[in-house]
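Single-structure report; data block below.
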2 protein chains.
Amino acid sequence: MIFPNKILTLLDGILPKIWSIYICIWHYTMRRKITLKQIARELGVSISTVSKALNNSKEISEDTIQKVQAFAKLYNYRPNNLAISLKSNRTKNIGVIIPDIVHYFFTTVFRGIEQYAKMKGYKVITYVSDESLTKEVINMELLSNGSVDGFIMALSAETQKANDFEHLRRIENLQIPFVLFDRVTDEIDCDKVLINDQEAAYMAVTKFLDNGRKKIALITTAEYFSVSHGREKGYRQALRSYGLPIQEDLILRLPITDLDAEVIHTFFDKNDIDAVLCVNEVFAVYGMNLVQQRGVKVPEEMEFIGFTDGILSKYAKPGLTSMSQHGFEMGVMAARLLIDRIESNLRKVEKPFQTEIIASTLVERESTLN
Amino acid sequence: MIFPNKILTLLDGILPKIWSIYICIWHYTMRRKITLKQIARELGVSISTVSKALNNSKEISEDTIQKVQAFAKLYNYRPNNLAISLKSNRTKNIGVIIPDIVHYFFTTVFRGIEQYAKMKGYKVITYVSDESLTKEVINMELLSNGSVDGFIMALSAETQKANDFEHLRRIENLQIPFVLFDRVTDEIDCDKVLINDQEAAYMAVTKFLDNGRKKIALITTAEYFSVSHGREKGYRQALRSYGLPIQEDLILRLPITDLDAEVIHTFFDKNDIDAVLCVNEVFAVYGMNLVQQRGVKVPEEMEFIGFTDGILSKYAKPGLTSMSQHGFEMGVMAARLLIDRIESNLRKVEKPFQTEIIASTLVERESTLN
DNA sequence: TATCAACACGAAAACGTTTTCGCAAGGTGT
DNA sequence: ACACCTTGCGAAAACGTTTTCGTGTTGATA
C-alpha cells in the first residue's frame with residue numbers, strides 16, 4: 001500500500017481522478033481484496049450506503065443498489081469475515097475436539113459434523129486431544145477466546161479416568177455452548193449424543209445365544225470408558241436374562257493400544273469359549289486372526305462380533321459381523337444440537353438440554369452363523 | 001449488557017464508584033469475557049497503557065505493569081482473537097482441504113498438519129471435498145475471504161480428471177499461500193509435498209523380481225490420478241530394467257469405490273499371475289481375500305504388496321506387505337512449508353517454491369516371502 | 001402556502017485490539 | 001537559567017464491517 005489513509009483524505013477533494021486511476025491500476029496489478037471504503041470512494045457515496053446496498057436494504061434506491069452491486073461484482077468484492085465476526089460477536093466457527101483422528105468411528109462422526117456445519121455456514125476447527133487430559137484442556141483454552149461459537153467433543157481416555165471436568169465447567173461459565181458425544185459424563189449438564197451401548201451389546205449377545213452359543217466371552221477395555229462400561233452392562237444383562245451364569249474369567253480387559261498376542265493366547269488357552277463379543281473392531285479382528293492361527297474355525301467353532309463397523313470389519317477374513325454405530329448420523333446430530341443451541345442463545349430463548357440416542361444396528365457378515 | 005457505552009461515558013465523571021461496583025457484580029455473576037476497555041476504566045488508566053502493560057512494553061513503568069497484569073489475571077482476561085486478527089490482518093488459521101477424511105492416509109497427514117500447526121500457534125479448519133471439483137471450489141471460496149492465512153490441499157479426483165485449476169489460480173492471485181500434497185499438478189507453481197511414487201513402485205516390483213516372480217500384475221485406478229500415474233511408471237520401469245516384457249493385460253484399472261468382485265475374478269481367471277502390486281491397501285486386501293477364496297496360497301503361490309500402510313494392512317490375513325507413505329511426516333512437512341511461506345510473506349522476503357519428497361519405505365509382512 | 005410523510009442517503013458509533021505520535025514532568029548537562 | 005533528553009502515559013487512528021439516527025429533498029395533502 002503506497003498511500004496511507006491520511007494522505008488519501010487529503011487528496012480526496014483535490015485529485016479524485018488520480019485516485020480513480022490509482023485504484024484501477026492497483027486493483028488490476030495486485031488484485032488485493034477490495035473493501036467497502038474503496039467502493040464507496042470510487043462510486044462517490046458513503047460507506048453506509050454501500051453496505052446497505054450490498055445487503056439489499058430498502059433504504060437505498062434501486063438505482064444505487066444496481067450500481068453498487070455491479071461494481072462489487074466487477075471487483076470481486078468479498079466481505080471480510082473477521083470484521084463481521086468482530087461486529088456481530090459470532091465467528092461461525094465450531095471447535096471439534098476428539099481423542100483420535102486416525103480412527104474410523106471418529107472420522108465418520110467428523111464427516112457428519114463437517115457436512116451439517118457447512119450446510120449451516122459454519123466452519124470446523126479440529127483439535128486432537130490424543131487421549132490426553134492436558135491436551136484437551138489446552139485445546140479448549142486455545143479456542144475459548146472467541147475463536148469459536150461452541151464445542152463438540154468426545155472425552156479423552158485420561159479425562160474419563162481422572163474424572164476431571166474443570167475445563168468443561170470453565171466453558172460452562174463462559175457461556176460457551178458445547179455438545180458431548182460418545183464418550184460423555186453424567187457430571188456435566190449439557191447436550192449429549194449417545195449410542196445405546198448397553199442395548200447394542202445386549203442385541204449382540206442375544207444373537208450368539210440364539211445361535212446356541214453358551215460360552216460367550218467379552219473382550220473389552222478398562223472400565224472407566226463410558227462406552228465399554230455400557231457395553232459390559234449389556235453383556236451381563238443378556239446373560240442374566242437368559243439365565244446363564246456370568247463368569248468373570250470370560251471377560252478380558254485390554255489396553256487400547258499395544259495389543260499383546262500372548263495375553264490373548266493365554267486367555268483362549270485357559271477358557272473354553274464359543275463366541276466372542278469385542279468392544280471394537282481391532283480387538284475382534286486381531287482376536288479372530290489369532291484363534292484362526294490356532295486352527296479354530298470362524299464362525300463354525302467360534303463366532304465373533306465387534307463394535308465400530310469400519311473398514312477392518314468389511315475387509316477382514318472372514319468378514320466381521322459388527323455393531324454399526326452410525327457415526328455420520330451422530331456427527332450430524334451433534335452439530336445440529338450445537339448450532340441450534342448457539343442460535344437460540346443468540347435469540348435469548350431458554351432451551352433444556354437434550355440427550356439424543358443414536359441406535360446401533362447389527363451388520364451381519366461371515367464371522368457369525370446364519 | 002445493561003449500560004450502553006454512551007451512558008457510560010456520561011457516568012464516568014459522575015459516578016466512578018458505582019461503575020466499579022457494577023463491574024464487579026456483573027463480572028462475578030455472568031463471568032463474560034473482560035476487555036481492555038474495562039480494565040482501563042477500572043484501573044483509571046488508558047486503554048493503550050493497559051495494552052502495552054500486558055505486552056510488557058518498556059514504555060510502561062514496572063509498577064503499572066504489575067498492577068495491570070495482576071488485575072488481568074484476577075479477572076482472567078483473554079485478548080479477543082478476532083480483534084487481533086482484524087488489526088494484524090492474519091488469522092493464524094490454516095485451511096485444509098482433502099478429498100476424503102475416512103481414509104487412513106489422509107487422517108495421518110491431517111495429524112501431522114494439526115500437530116505442527118498447533119505447535120506454531122495455528123488453528124486448522126478442515127473441509128472435505130469428497131472427490132468433487134465443485135465442492136473443492138466452494139470450500140476454497142468459503143475460506144478465502146480472510147478466514148484463513150493459507151491452504152494445504154490434495155486435489156480431488158474430479159479436479160485431476162477435469163484438469164481444471166481455475167480456483168487455484170484465483171487463490172494465487174489473491175496472494176494467499178498454499179501447499180499441495182500427494183495429489184498435485186504440474187500446472188500450478190507452488191510449494192508441494194510428494195511421495196516418490198515411481199521409485200516406491202520400482203522398489204516393490206524389484207522385491208517381487210528378487211523373489212523370482214515373473215508374472216507381476218498391477219491393480220491400479222484410472223490414470224488421471226497423479227499418484228497412480230507415478231506408480232504405474234515405476235512398475236513399468238522395473239519390469240523394463242529387468243528385461244521383462246510389459247503385458248498390458250496384467251494391468252487392471254478399478255474405480256476407487258464400489259469394488260466389483262466379478263471383475264477381479266475374471267482378471268485372475270484370464271491371466272497367469274504370481275505377484276500383484278496394488279496402488280492402495282483396499283485393492284490389495286480385497287484381491288488377496290478373493291484369490292485365497294479360490295484356494296490360492298498367499299504368499300507361496302502369489303505375493304501381494306499394497307500402498308498405504310494402514311490399519312487394514314496391519315490386521316489383514318495374512319498381514320499385507322505395504323509401502324508406507326509416512327503420512328504424518330508429509331503433514332508436518334506441508335504445514336511447515338505453508339507456515340514458513342506465510343511468515344516470510346509477512347516479512348516481505350522472497351522465497352522460491354519448494355518441492356519436498358517424502359521417501360516411502362517397504363513394511364514387510366506375511367504377504368511376501370522372505 | 002404551510003405541513004408532513006416518504007425516500008435516499010450520510011455521519012458516526014461500535015466491536016477489541018495495536019501502534020504511532022504527542023505531551024507533560026522531571027532529571028541532566030552546560 | 002536554559003536547552004535537552006528520558007520516562008510514563010494518553011489520544012487517536014486504524015483494521016472492515018453493521019446499524020442507528022439524523023437530515024435534506026421530494027411530492028402530496030390540507
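Each chain gets a letter, A, B and so on, in the order its sequence line appears, and its residues count up from 1.
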**Asked** Using 4.0 Å as the upper bound for N to carboxylate O, is an ion pair formed by B:K135 and B:E158?
**Response** no

**Asked** Rounded to whole angstrom units, what separation is found between the NZ atom of B:K67 and the P atom of D:dC9?
**Response** 8 Å

**Asked** When you check the gap from the basic side-chain N to the acidic O, do B:K118 and B:E114 get nearer than 4.0 Å?
**Response** yes

**Residue-phosphate contact under 4.0 Å: A:N55 side-chain N/O, D:dT18 OP1/OP2** = yes

**B:S61 side chain near D:dT7 phosphate (N/O to OP1/OP2, under 4.0 Å)** = no

**Prompt:** Is any NZ, NE, NH1 or NH2 atom of the basic residue among A:R336 and A:D191 found under 4.0 Å from an Asp or Glu carboxylate oxygen of the other?
**Reply:** no

**Prompt:** Tell me: NZ of B:K92 to P of C:dT18, nearest whole Å?
**Reply:** 14 Å

**Fill in**
Here the distance between atom P of D:dA11 and atom CZ of B:R41, to the nearest Å, is 12 Å

**Prompt:** Quick one: on DNA chain D, does B:G44 or A:N80 contact a more 5' nucleotide (nearest heavy atom)?
**Reply:** B:G44

**Item:** Nearest-nucleotide 5' precedence on DNA chain D, B:K58 against A:S48
**Value:** B:K58

**Prompt:** What about B:K52, does its side chain sit under 3.5 Å from the base of D:dG10 through a donor-acceptor pair?
**Reply:** yes

**Request:** Check every strand shown and say whether B:I84 touches a base, only sugar-phosphate, or nothing at a heavy-atom separation below 4.0 Å.
**Result:** sugar-phosphate

**Message:** When you measure from the side-chain N and O atoms of B:S51 to the phosphate of C:dT18, is any distance below 4.0 Å, counting only OP1 and OP2?
**Reply:** yes

**Message:** Whether the B:E62 and B:Q66 side chains hold a donor-acceptor pair (N or O, under 3.5 Å, no angle test) is what I'd like checked.
**Reply:** yes

**Request:** Could you tell me whether B:R90 and B:E343 make a salt bridge, using a distance below 4.0 angstrom between a side-chain N and a carboxylate O?
**Result:** yes

**Prompt:** Would a distance-only check, ignoring hydrogens and angles, find a side-chain to backbone donor-acceptor pair under 3.5 Å from B:N89 to B:L86?
**Reply:** no

**Asked** Whole-Å distance between C:dA8 P and A:E59 CD?
**Response** 10 Å

**Message:** What I want to check is whether an N or O donor and acceptor connect the side chain of A:K87 with the base of D:dT17 at under 3.5 Å.
**Reply:** no

**Message:** Any base atoms under 4.0 Å from A:T64, or only sugar-phosphate, or nothing? Heavy atoms, all strands.
**Reply:** sugar-phosphate

**Request:** Name the nucleic acid region contacted by A:R78, choosing base, sugar-phosphate or nothing; use a 4.0 angstrom heavy-atom cut-off, strictly under.
**Result:** sugar-phosphate

**Interatomic distance, B:N81 CG vs C:dC15 C1' [rounded to whole Å]** = 15 Å

**Message:** Rounded to whole Å, please give me the gap between CG in A:L54 and P in D:dT19.
**Reply:** 13 Å

**Request:** To the nearest Å, give me how far apart CD1 (B:I60) and C1' (C:dT19) are.
**Result:** 12 Å

**Request:** Tell me what B:L36 touches on the nucleic acid: a base, only sugar-phosphate, or nothing, going by heavy atoms under 4.0 Å.
**Result:** base

**Donor-acceptor pair (no angle test) under 3.5 Å: A:T49 side chain, C:dA8 base** = no

**Request:** Please determine if a side-chain N or O atom of B:K37 lies less than 4.0 Å away from the OP1 or OP2 oxygen of C:dA14.
**Result:** no

**Asked** Can you check the B:I47 CD1 to C:dG16 C1' distance for me, whole Å?
**Response** 8 Å

